[in-house]
*Asks:* 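Pasting a structure here, questions to come.
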Protein chains: 2
Amino acid sequence: MQSKGELRRTKMLEHIKQSGKATVSELMDITESSIATVRRDLEALEQENYIIRTIGGAVYDEGNSGSRSNAAELAFADKRSVSKEGKERIAAAAAAMVEEGDVICLTGGTTTFLIAKALKAHQNITVVTNAVNIAAELFDAEGVQVVVSGGVMRHKSYELIGPLAESVIEKLNITKMFLGVDGVSKEHGFTTHSELEARIAQLFIARSSQVYAVYDQTKLHKSALFTIIPYDGVTGVITDL
Amino acid sequence: MQSKGELRRTKMLEHIKQSGKATVSELMDITESSIATVRRDLEALEQENYIIRTIGGAVYDEGNSGSRSNAAELAFADKRSVSKEGKERIAAAAAAMVEEGDVICLTGGTTTFLIAKALKAHQNITVVTNAVNIAAELFDAEGVQVVVSGGVMRHKSYELIGPLAESVIEKLNITKMFLGVDGVSKEHGFTTHSELEARIAQLFIARSSQVYAVYDQTKLHKSALFTIIPYDGVTGVITDL
DNA sequence: TCATAATTTGATCGATTAGATCAAATTATG
DNA sequence: CATAATTTGATCTAATCGATCAAATTATGA
């Protein structure tokens, strides 16, 4: 069944879709609710990529129905209503562990991408990554030196792999690594679907003083094909509840 | 001729179009102007239906490519589409030169970015680049293998530079290179503002069988500080008019 | 070339909007 | 029906926006 809140958000979305846009006060009238509720609903709808919030309201986001031109977001466009809040809390927690002078390593993935966003305001740190979308996201972060491993890009994952990447990684010294994974289990440890990505991750791990696995609850008690590192091989984990 | 303000707005629009969105502070950095000017420019661009202003910035408005309304807008729209058409014609011409099996090199820049877009439909080619935005753009081009030089990213230009990049480039063999430049003159050859980018470009050139300089007319008869290669050092040039 | 007018820019102000917090109200659950 | 969890709305603070005006820049014509 559809809850009261969902009903209200559906109503809002219908209106925004029909008119192309809507103001906050319009939506307050239509739904007969307070400004705070409308704002919360708009925030939720924006999170799920249905709308784009504007200054006094919102517009309908057409780009998301078919193909989106913005490459950086395309990978995540389909993941509507995936538990983003959890991931953002994880990202915030990871970012809070980063200190001035740190050399951070971020492998590819949605969670690590959010960590990168959370690190944009940091000063005097270095971020090493093999994911081009993470690098692109940090292009205007003045306080963050961005180092990219070279390599061949895996289609639709943004991750650089192969011997070129490996030869670069060997030269780096990393203080803290945040490892994104596809599966977590006591038995198989931290796992991923791609053998080549597993290999790159292992090389990064070998160059890192501390390694923290980051994952949300949807990954727990699952195993992907390739083990990156055993369960007790990491310095710690960062996850939600 | 294009006024200073128009130039700035074009620059903003290109950035917003490439990234899909932009924050006000990002645009302040890029254009090196005050928050008031950025807001005025965004207001103008929104009036002309190029963008939609959001809370701290703007997103590109895809919906409106077709119809525009009043005459004042048309003047600006025409200018833009002319200069842009020029770059797109250059990009199309470059893409037409690419054959199956080629290993293409693209340095950073707006024109080379457009070449990358034009290459997305190609089959069985390799694109080597030191620009992370070009790599990100090709993330879903199935027929294109993407190789990224590693290195340290220059803020606000997406280009990877430094010893790491150099050590990777040394290992590559490129059939055709498309060289984006900041200035072209008989006397100083092909030039760029950044010494480090010039150096990277020279290394790519050393590994390329053919080198084509790509530039639009705004670059002609100008010289930037650092010469990449003399005027007669390239295989050919691709330009408009 | 120079003086003047027109335009553009950037700083500062108040106004508006957004975000965070918390108690009250509502809804779900056993 | 009692309790816990969630949602809602009010209040406050912070961020962003829009308007104004003086300074700087650019265009214009003698």
Side-chain angles (χ1 to χ4, degrees), chain A residues 1-13 15-16 21-59 61 81 83-89 91-93 95-96 114 117-118 120-121 140-142 217 240-241, chain B residues 1-13 15-16 21-48 50-59 61 72-73 75-76 79-80 218:
Chain A
M1 114 152 203
Q2 203 171 18
S3 78
K4 194 173 147 193
E6 286 171 29
L7 208 76
R8 190 183 55 243
R9 280 185 286 276
T10 305
K11 207 168 175 180
M12 285 186 182
L13 189 57
H15 178 74
I16 297 169
K21 62 186 172 186
T23 66
V24 171
S25 51
E26 242 175 80
L27 295 168
M28 285 169 66
D29 288 343
I30 290 171
T31 62
E32 291 179 2
S33 46
S34 72
I35 191 168
T37 301
V38 170
R39 290 219 178 103
R40 267 189 287 255
D41 285 345
L42 290 182
E43 192 183 352
L45 290 170
E46 184 175 47
Q47 289 278 335
E48 290 164 10
N49 284 325
Y50 288 113
I51 61 164
I52 296 167
R53 290 228 276 166
T54 58
I55 292 162
V59 297
D61 185 359
S81 77
S83 61
K84 196 172 176 186
E85 240 182 55
K87 285 190 175 166
E88 273 177 356
R89 275 210 307 276
L114 290 174
K117 286 188 88 146
K120 284 180 84 166
D140 65 334
E142 303 274 6
Q217 290 301 301
D240 52 342
L241 292 208
Chain B
M1 122 145 202
Q2 201 171 19
S3 80
K4 197 170 143 193
E6 287 171 27
L7 207 75
R8 191 184 53 242
R9 281 184 286 275
T10 304
K11 206 168 176 181
M12 285 185 183
L13 190 56
H15 177 75
I16 297 170
K21 64 187 172 187
T23 65
V24 171
S25 53
E26 242 175 79
L27 295 168
M28 286 170 66
D29 288 342
I30 290 171
T31 62
E32 289 179 3
S33 46
S34 72
I35 193 168
T37 300
V38 170
R39 292 219 178 102
R40 268 188 288 254
D41 285 346
L42 289 181
E43 192 182 350
L45 290 170
E46 185 175 46
Q47 288 281 337
E48 291 162 10
Y50 288 113
I51 61 166
I52 297 167
R53 289 226 277 167
T54 58
I55 292 163
V59 298
D61 185 0
E73 288 169 13
F76 186 79
K79 273 182 200 169
R80 186 187 81 118
T218 65

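Predicted model only: the values in this text are computed from it and were never measured.
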*Asks:* Bend across the helix from C:dT1-D:dA30 to C:dG30-D:dC1, to 10°, with axes taken over 5 pairs at each end?
*Replies:* 40°
*Asks:* CD1/B:Ile55 to CD/A:Glu46 distance, rounded to the nearest 0.5 angstrom?
*Replies:* 6.5 Å
*Asks:* So, is A:Thr37 near the phosphate of D:dT8, with a side-chain N or O under 4.0 Å from OP1 or OP2?
*Replies:* no
*Asks:* Give, for atom CG of B:Asp41 and atom CZ of B:Arg9, the distance between the pair rounded to the nearest 0.5 Å.
*Replies:* 4.5 Å
*Asks:* Is it the case that atom NZ in A:Lys120 sees more than 12 heavy atoms from other parts of the structure closer than 6.0 Å?
*Replies:* yes
*Asks:* If I take atom CG in residue B:Asp41 and atom P in nucleotide C:dT9, what distance separates them, rounded to the nearest angstrom?
*Replies:* 7 Å
*Asks:* So if I define the base as every atom that isn't primed, P, OP1 or OP2, how would nucleotides 17-26 of chain D read as a B/S/- string at a heavy-atom cutoff under 4.0 Å?
*Replies:* BS-------S
*Asks:* CD of B:Glu6 versus C1' of C:dT9: gap in Å, rounded?
*Replies:* 16 Å
*Asks:* I need the B:Leu27 CG to B:Arg8 CZ distance, nearest 0.5 Å.
*Replies:* 11.0 Å
*Asks:* Calculate, to the nearest 0.5 Å, the distance between atoms CE and OG belonging to A:Met12 and A:Ser33 respectively.
*Replies:* 5.0 Å
*Asks:* Where do A:Lys21 and B:Ile52 land on the side-chain contact (heavy atoms from CB on, under 4.5 Å) test, with the steps shown first?
*Replies:* CA-CA 11 Å; A:Lys21 62 186 172 186; B:Ile52 297 167; over 6 Å; no
*Asks:* Rounded to the nearest 0.5 Å, how far does CD1 of B:Ile51 lie from CD1 of B:Ile16?
*Replies:* 4.5 Å
*Asks:* Quick one: pull up CG in A:Asp61 and CZ in A:Arg53 and give me the separation to the nearest 0.5 Å.
*Replies:* 14.0 Å
